[in-house]
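Working notes, beginning with the structure itself.
Convention: sequence-line order gives letters A, B, ...; per-chain numbering from 1. Since this is a predicted model, take the numbers as computed values, not measurements.
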Number of protein chains: 2
Amino acid sequence: MNASLSLEADRALLGRTSTAEKVAEILRTRIIEGAFQPGERLAEDKIVKALSISRNTLREAFRLLTHARLLTHEMNRGVFVRSLTADDVRDLYRVRRMLECAVVGAITTPPAGLAQVEAAVTEGERAEREGRWRELGTANMHFHQALTALAGSPRLDEMMQQIIAELRLAFHVMNDPKRFHAPYLGRNQHILADLREGDGSAAAEKLSDYLTVAENQLLTGFATRTPPTG
Amino acid sequence: MNASLSLEADRALLGRTSTAEKVAEILRTRIIEGAFQPGERLAEDKIVKALSISRNTLREAFRLLTHARLLTHEMNRGVFVRSLTADDVRDLYRVRRMLECAVVGAITTPPAGLAQVEAAVTEGERAEREGRWRELGTANMHFHQALTALAGSPRLDEMMQQIIAELRLAFHVMNDPKRFHAPYLGRNQHILADLREGDGSAAAEKLSDYLTVAENQLLTGFATRTPPTG
DNA sequence: GGTAGAGGATTGTTGAACAATCCTTCAAGG
DNA sequence: CCTTGAAGGATTGTTCAACAATCCTCTACC
């Protein structure tokens, strides 16, 4: 009983993070959620007041987010939420195609870690039934994160996480989440079926098809919107 | 003449960076060069004095380097140069295998951007002739960065840059750069020959072989050293 | 040898200050 | 009316000092 209590206290210690890191996480979440417009400037004064922190702490948090490509830091002009261009989208999908298809295509037997892939499909099915299209999109991203996680590489996981975060910025440009995310659930189910049989090659082909369709849809959405500022 | 002068002035403006960014770059370079030992703590006071900057500026610079995985930031204990473990090495090579082989393996015709690959091989040949083994290692890394650059993806380039930076930390554990880097020049020359013929599949196979050998050599070097602290 | 406490060093955060830069507005000149 | 230049205000980048919190080391005691 005593040992169990002591370990729980240790677990709380593991979660200690600095204020700067907490603020970075808050901002990251808000940016991904779309609380800020692409291109919007994050004025230090406003955020300092909103979060009751010091400017220096905020500046540290901004620096933490720089590498995540969610912010752009412009000397003497401030920090802006990234605006993705069509070229960004193309590059993101080029990288996804390379990463995800390499992972999936290398599978020759039913992989051990399918539970998360399955959970993401289940999550998507539930979201679809309940007509919650944003959550469907989130489940789709979980699906792809889980695909990459089949490689068992912490670095690949982090790369994919970053790619997905950037893609979130792009998705906010799309004004119809149902139209954008709904068609892919069936594809995910087929990819999962291939993986269950250990047919990575077939799964990678379906995945590549999906990526091409999704990329084109996103690029079309971009073309029908006003060009981003900056 | 006037327009030319004006543009040159603009070019100087493009290079403006903040002190925090400059400091981050200085630290990054020093870390990669091996000026600090793996596991070494970067005491704020010492660096502040050495570089004549303020603590807050240094902290911003540290935050910029966190994501690069060159530093580890430990709450209330300070900032440390990363120590790579054998698992890190395995993951780095897993990612390299995935990235580099996907890029190279997709080549079916002689690619347009071979000049940088060729330059890296030339650089390696010169370094070998002059017996400069560290430079040979650098040329080898340039070779692999140039391979990845064949994909024409800014994000992939940056990922590869980061992987190479991390690998630099691992290489400092190896105490014989000649023994480690020298055998790979010939392999690079063969990979280049395949690429000149547009045979990406053959190149990818040679590349995969190289990665396996290099990984095992590095892991062997790790096993014969004292375990890193932390 | 193990534990507890004290003291010093260091980190994390805050806030004030100032210099530099940018942006907006206004006025003057062509 | 348009362009240019200057002034003023807002904001950013950096510095400095201060303080609280935490960690680490050392010493003393059991």
Side-chain angles (χ1 to χ4, degrees), chain A residues 2-3 6 9-28 36-37 39-67 70-82 229-230, chain B residues 2-3 5-6 9-28 36-37 39-67 70-83 229-230:
Chain A
N2 278 353
S6 160
D10 285 343
R11 205 169 12 177
L13 281 177
L14 288 179
R16 287 194 310 164
T17 54
S18 65
T19 303
E21 286 164 13
K22 282 181 191 141
V23 169
E25 192 52 38
I26 287 170
L27 291 176
R28 182 177 186 276
F36 303 105
Q37 290 296 109
E40 183 172 347
R41 192 165 67 90
L42 305 190
E44 288 183 0
D45 260 10
K46 281 167 76 173
I47 298 184
V48 158
K49 283 187 189 116
L51 299 180
S52 294
I53 54 171
S54 121
R55 268 184 68 216
N56 285 113
T57 303
L58 177 60
R59 296 184 61 82
E60 283 192 41
F62 280 156
R63 297 300 190 179
L64 280 172
L65 291 176
T66 298
H67 230 103
L70 298 179
L71 300 180
T72 57
H73 214 116
E74 294 186 29
M75 179 73 170
N76 285 324
R77 290 189 2 94
V79 169
F80 300 78
V81 176
R82 281 283 312 286
T229 53
Chain B
N2 279 352
L5 284 178
S6 157
D10 286 345
R11 205 169 11 178
L13 282 178
L14 287 179
R16 287 193 309 164
T17 55
S18 65
T19 303
E21 286 163 14
K22 281 179 192 144
V23 168
E25 192 53 38
I26 288 168
L27 291 177
R28 185 176 182 276
F36 303 105
Q37 291 297 106
E40 184 170 345
R41 193 164 68 88
L42 305 190
E44 290 184 2
D45 259 9
K46 281 166 74 173
I47 299 183
V48 156
K49 286 190 186 111
L51 298 180
S52 295
I53 55 171
S54 117
R55 269 184 68 215
N56 285 114
T57 302
L58 176 61
R59 296 184 61 84
E60 283 192 39
F62 280 156
R63 297 298 192 180
L64 281 172
L65 291 176
T66 298
H67 231 99
L70 298 179
L71 301 179
T72 57
H73 213 115
E74 294 186 30
M75 180 74 169
N76 284 325
R77 289 187 6 93
V79 170
F80 300 79
V81 176
R82 281 281 313 287
S83 279
T229 52

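- Note on A/Glu74: only backbone sugar-phosphate atoms sit closer than 4.0 angstrom, heavy atoms only; bases stay farther off.
- C/dT14 atom C1' lies 15 Å from atom CG of A/Leu51, rounded to whole Å.
- Listed nucleotides D/dT12, C/dT14, D/dT14 differ in distance to B/Thr57; the shortest reach to its side chain belongs to D/dT14.
- A straight line from CZ of A/Phe80 to P of D/dT11 spans 12 Å, rounded to a whole angstrom.
- Ranking D/dT14, C/dT21, C/dT11 by closeness to the B/Glu44 side chain, first place goes to C/dT11.
- Among all heavy-atom pairs drawn from B/Ser83 and B/Gly39, the shortest one is OG-N, 3.2 Å.
- Atom CZ in B/Phe62 sits roughly 16 Å away from atom C1' in C/dT13 (whole-Å rounding).
- A sub-4.0 Å separation between OP1 or OP2 of C/dT11 and a side-chain N or O of A/Ser18 is absent.
- At whole-Å resolution of the value, CG in B/Asn56 and P in C/dT13 are 11 Å apart.
- In this structure, A/Asn76 and A/Glu21 both approach DNA chain C, and ranking their closest nucleotides by distance from the 5' end singles out A/Glu21.
- As a whole-Å value, the separation of B/Glu60 CD from D/dG13 C1' is 8 Å.
- Under the side chain to side chain contact (heavy atoms under 4.5 Å, CB included) rule, A/Val48 has a single partner from A/Asn56, A/Val23, A/Thr57, A/Leu58, which is A/Leu58.
- The base of D/dG13 sits within donor-acceptor range of the side chain of A/Arg55, with an N or O pair under 3.5 Å.
- In this structure, the NZ atom of A/Lys46 is 15 Å from the P atom of D/dA10, given to the nearest Å.
- Look at A/Arg77 and you'll find a side-chain N or O under 4.0 angstrom from OP1 or OP2 of C/dC23.
- Considering every non-hydrogen atom in both A/Gln37 and A/Val81, the closest pair reads O-CB, 3.6 Å.
- In this structure, the CG atom of B/Asp45 is 13 Å from the C1' atom of D/dC16, given to the nearest Å.
- Residues B/Arg28 and B/Glu21 are not paired through a salt bridge, judged by the lack of any N-O separation under 4.0 Å between the basic side chain and the carboxylate.
- Note: B/Phe62 and B/His73 have perpendicular aromatic rings, judged against thresholds of 30 and 60 degrees for the angle between ring planes.
- Here the side chain of B/Met75 is nearest to one of C/dG12, D/dC16, D/dG13, namely C/dG12.
- Following rounding to the nearest Å, B/His73 (NE2) and D/dC23 (P) show an atom-to-atom distance of 14 Å.
- Under 4.0 angstrom from either OP1 or OP2 of D/dT14 there lies at least one side-chain N or O belonging to B/Thr19.
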